[in-house]
Amino acid sequence: MLRVVVLVSGGGTNLQAIIDGVRDGRVTGTEIVGVISNNPGVKSLDRAEAAGIFHTCISPKAFPERADFHRALLEQIDALSPDLIVLAGFLVRIPEELIERYDGRIINIHPSLIPSFCGVGYYGLKVHEKALERGVRITGATVHFVNAGMDEGPIIAQKAVAVEEDDTPEILQKRVMEQAEWILLPQAIDDIANGRLSIEGGKVRRKG
Ligand code: GRF
């Protein structure tokens with residue numbers, strides 16, 4: 001059983017897609033053993049509560065130093081003994097030590113076709129604002145392994161989404177979530193849980 005810890009910051013629609021996938025049997029061999037938010041009182045935590053999943057908030061604001069926050073986050077993650085850590089709208093830069101300790105076992109969902117519209121400053125609605133500003137006709141989402149860079153890890157899967165006339169950032173964000181993110185992330189977890197996907201030597205390996 002793949003033990004999964006999900007790191008969140010806000011609404012948690014990607015978390016919900018994973019919860020629903022496990023519940024509906026589209027994601028097998030997987031147990032979400034914990035949800036950790038850096039923000040208190042967000043809908044992600046309500047979603048975990050409703051699903052009976054352990055959840056907690058570890059906020060950087062609660063610590064005098066960043067290193068103290070990193071230590072608390074690592075301790076909580078280690079205590080859950082995850083096989084996989086999923087960043088589902090987690091808007092805090094994760095500590096190097098976490099990436100080293102869980103090398104090859106952290107994945108992230110990003111709401112664009114990396115390498116477009118990614119990197120420092122590209123998160124949430126901002127990504128879609130920039131896509132509309134540039135006038136791209138196709139955007140989408142990417143799920144990738146996490147390395148020390150920002151949105152630079154090996155790509156697992158991508159899904160294209162059409163940009164429509166008169167799209168606002170909010171409308172485009174919703175379409176990318178519905179047509180790409182909420183499909184890609186559960187699928188990647190199911191592939192990892194069932195041995196169809198791994199990372200070896202920094203390269204994504206697919207089997208079967
Ligand atoms: C999503 O667009 C995700 O791609 C990005 O942040 C947003 C989080 O949304 N990383 P939610 O919290 O999963 O609803």
Side-chain angles (χ1 to χ4, degrees), residues 4-23 26-27 30 32 34-51 53 55-60 73 84-94 98-99 106-133 136 138-147 149-163 167-189:
V4 175
V5 167
V6 185
L7 305 189
V8 296
S9 294
T13 63
N14 278 284
L15 166 66
Q16 192 64 55
I18 304 166
I19 291 170
D20 294 350
V22 172
R23 185 196 58 220
R26 284 176 283 110
V27 179
T30 298
I32 305 171
V35 172
I36 303 172
S37 172
N38 64 297
N39 289 320
V42 290
K43 196 157 168 44
S44 298
L45 295 172
D46 300 335
R47 296 177 190 275
E49 173 83 25
I53 297 169
H55 53 284
T56 187
C57 171
I58 300 179
S59 166
L73 181 63
L84 181 70
I85 297 169
V86 178
L87 309 184
F90 192 59
L91 299 180
V92 170
R93 187 101 197 219
I94 58 174
L98 183 70
I99 295 171
I106 308 174
I107 64 173
N108 178 51
I109 181 79
H110 183 77
S112 76
L113 296 175
I114 289 176
S116 298
F117 311 113
C118 66
V120 177
Y122 284 91
Y123 55 86
L125 217 45
K126 167 84 76 174
V127 173
H128 305 292
E129 287 167 2
K130 291 296 182 186
L132 291 171
E133 238 174 72
V136 295
I138 297 287
T139 186
T142 302
V143 60
H144 63 94
F145 283 103
V146 171
N147 64 12
M150 176 72 87
D151 302 330
E152 294 172 0
I155 290 173
I156 293 169
Q158 297 185 296
K159 195 167 186 304
V161 174
V163 179
D167 267 349
T168 64
E170 291 76 9
I171 291 170
L172 184 55
Q173 177 178 55
K174 189 96 165 52
R175 187 179 311 119
V176 169
M177 283 177 164
E178 287 169 345
Q179 295 184 10
E181 297 179 43
W182 301 344
I183 295 166
L184 286 176
L185 194 53
Q187 180 64 65
I189 295 167

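For ligands, and for the atoms within them, numbers begin at 1 and follow the listed sequence.
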Between Val35 and Leu15, does a side chain to side chain contact (heavy atoms under 4.5 Å, CB included) hold up when you go through it step by step?
CA-CA 9 Å; Val35 172; Leu15 166 66; 3.8 Å; yes
Holding to side-chain contact (heavy atoms from CB on, under 4.5 Å), I want the full list of residues that pass it with Pro111, two or more places apart in sequence or in another chain.
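Only Val127, His128, Val176, Glu181 meet the side-chain contact (heavy atoms from CB on, under 4.5 Å) criterion with Pro111.
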Taking any residue with a non-hydrogen atom under 4.0 angstrom from an atom of ligand 1, which ones do you get?
Gly11, Gly12, Thr13, Asn14, Gly89, Ile109, Pro111, Met177, Glu181
Should the heavy atoms of other residues, nucleotides or ligands under 6.0 Å from NZ of Lys130 be counted, would the total exceed 12?
no
Side-chain donor or acceptor of Asn108 paired with backbone N/O of His144 under 3.5 Å
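It does not hold such a pair.
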Thr142 side-chain N/O to Ile114 backbone N/O, donor-acceptor pair under 3.5 Å
yes
Between Asp20 and Arg23, does any NZ, NE, NH1 or NH2 come within less than 4.0 Å of an OD or OE carboxylate oxygen?
yes
